[in-house]
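Sequential numbering from 1 along the given sequence is applied to the chain's residues.
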Amino acid sequence: MFDFNTKLAGSFTEKEVGNSFDYRITSDSWAIAQGFRHEIDCGHDQVRFGNILKTVAHICVDEADDGSNVIEKWQIKQHRVF
């Protein structure tokens with residue numbers, strides 16, 4: 001994943017479905033202003049912003065009608081920090 005960037009910070013597997021993800025430290029100004037530290041590769045040149053912790057990930061998945069962020073809490077396993 002992240003074929004275009006070799007600065008990976010880590011990877012993890014989401015527990016419920018078993019999908020694997022790579023992530024890196026974000027430099028996106030919007031994400032940083034929202035408090036998101038990481039950029040998660042979701043495939044097909046798509047990323048989501050969030051915070052990856054030891055056993056859980058908080059991922060911004062959408063924007064609500066009022067403009068607030070919709071955050072999902074993912075249980076993760078096989079978390080590797082590079």
Contacts under 3.5 angstrom, residues 47-63 side chains, donor-acceptor by atom type, not counting sequence neighbours:
residue : atom : partner : partner atom : Å
N51     : OD1  : R37     : N            : 2.8
N51     : ND2  : G35     : O            : 3.2

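- Nearest heavy atoms, S11 versus D22: CB-OD1, 3.3 Å.
- Atom NZ of K15 and atom CD of Q78 lie 10.0 Å apart (nearest 0.5 Å).
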Chi angles and distances behind the side-chain contact (heavy atoms from CB on, under 4.5 Å) call for H38, I25: CA-CA 5 Å; H38 301 114; I25 305 299; 3.6 Å; yes
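- Scored by the side chain to side chain donor-acceptor pair (under 3.5 Å) test, Q75 finds no partners at all (sequence neighbours excluded).
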Ignoring hydrogens and angles, write down the donor-acceptor pairs under 3.5 Å from the side chains of residues 67-74, residues two or more places apart or on other chains.
residue : atom : partner : partner atom : Å
S68     : OG   : D66     : OD1          : 2.6
N69     : ND2  : Q34     : OE1          : 2.9
E72     : OE1  : W74     : NE1          : 2.9

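- Here the CG atom belonging to D41 is positioned 8.0 Å from the CZ atom belonging to R24, to the nearest 0.5 angstrom.
- Using the six-membered ring where Trp is involved, F12 and H79 have ring planes that are perpendicular, over 60° apart on the 30 and 60° scheme.
- A distance of 8.5 Å separates OG1 in T26 from CD1 in I40, rounded to the nearest 0.5 Å.
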